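Inspection log for the structure reproduced underneath, given as structure tokens.
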There are 2 protein chains.
Amino acid sequence: MGITKTDSFTEQQNELATLLKAMAHPARIAIIEFLLKKDKCICGDIVDELPLAQATISQHLKELKNANLIKGTIEGTAICYCLNQEVFSALNDKIQLITNQLIIKNSTKCC
Amino acid sequence: MGITKTDSFTEQQNELATLLKAMAHPARIAIIEFLLKKDKCICGDIVDELPLAQATISQHLKELKNANLIKGTIEGTAICYCLNQEVFSALNDKIQLITNQLIIKNSTKCC
DNA sequence: TTTATATATTGCAATATTACGATTAATAAC
DNA sequence: GTTATTAATCGTAATATTGCAATATATAAA
């Protein structure tokens, strides 16, 4: 139904899925990579960098912000965005946990 | 438009986004965790485990298979699924790359 | 061959996402 | 005050996703 049966899954499963979904768009990957490349924080430069309308970029930034993947601070009329290291670290830990378990269990490989 | 401007982004950005999207659903996280938990490969047990209809599980498995996150081998009438360690490792590397860069650059933190 | 079992596919209905133009809000410069 | 500048929000169209019942397919067992 385009609607997800959130109740049927654990909070952790829903949280991880939400975090992954927030990253699961090439424009948002591009924004993340752009923020990573720049030493200093960026605001409307993203609009110049990517071939998307300002409204669209703003929407993508909102989703990244909702997922806590980025932080934004107001600087005059501009807004300074940067990546939230803690959330990326947490995601990294989760993916690593799965991957490590997989590598260990691979000795008893099946398929 | 619900359609993504794929041409506007690099192949790597699109690939990573596609991989993340394949994981970005609690049911698919649950399937991954279930396959991880079991020593031996699982087939229709997933249908018994999760509160979703058989058709829905089959669809989720298809998406995971398309993304190469799982492999399936036919065993009589059943199909034996297991996680694809290589793809998880590759994803882990990408996330780790971003996270490590972030940790290094955090000294010049901004926001 | 018939029957049972296991999984995939089809065809919806409900909802979500993506993208953008137009507008709004909020601050800075004058 | 007026005028730029910057970013968020609204409204809308096009498309994608989720979920399931019903059906199809394919093999095994009888």
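It should be emphasised that the depicted structure is a prediction, and the values quoted were computed from it without experimental measurement. Values reported hereafter were calculated over all heavy atoms of this structure, with side chains retained and with hydrogens, waters and symmetry mates removed. Below, chains carry the letters A, B, ... as their sequence lines are ordered, and counting in each starts from 1.
Separating the NE2 atom of His60(A) from the C1' atom of dT17(C) is a distance of 9 Å, rounded to the nearest angstrom. Between Glu49(A) atom CD and dT6(D) atom C1' the separation is 18 Å, expressed in whole Å. Between the C1' atom of dA16(C) and the NE2 atom of His25(A) lies a distance of 13 Å, rounded to the nearest Å.
As judged by a 4.0 angstrom heavy-atom cut-off over every strand, Ile57(A) is placed among residues making no nucleic acid contact. Note on Glu75(B): nothing from the nucleic acid sits closer than 4.0 angstrom, heavy atoms only. Leu52(B) comes within contact range of the sugar-phosphate backbone alone, with a heavy-atom separation under 4.0 Å but no base atom that close.
A donor-acceptor contact shorter than 3.5 Å links the side chain of Lys105(B) to the backbone of Lys37(A). Using a distance-only test at 3.5 Å, with no hydrogens or angles considered, no donor-acceptor pair links the side chain of Arg28(A) to the main chain of Ala17(B). No side-chain donor-acceptor contact under 3.5 Å links Ser58(B) to the backbone of Gln54(B).
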Between the protein and nucleotides 2-12 of chain C, which nitrogen or oxygen pairs are less than 3.5 angstrom apart?
residue : atom : partner  : partner atom : Å
dA6(C)  : O4'  : Thr77(B) : OG1          : 3.4
dT7(C)  : OP1  : Gly44(B) : N            : 3.2
dT7(C)  : OP1  : Ile79(B) : N            : 3.1
dT7(C)  : OP2  : Gly44(B) : N            : 3.2
dA8(C)  : OP1  : Tyr81(B) : OH           : 2.6
dA8(C)  : OP2  : Ser58(B) : OG           : 2.9
dA8(C)  : N7   : Gln54(B) : NE2          : 2.8
dA8(C)  : N6   : Gln54(B) : OE1          : 2.9

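Ring planes of His60(A) and His25(A): tilted class, angle from 30 to 60°.
Rounding to the nearest 0.5 Å places CG of Asn84(B) at 13.0 Å from NZ of Lys65(B).
Among dA21(D), dA19(C), dG21(C), the nucleotide with an atom closest to any side-chain atom of Ala53(B) is dA21(D).
Looking at Leu52(A) and Val47(A), their side chains never come closer than 4.5 Å, going by heavy atoms from C-beta outward.
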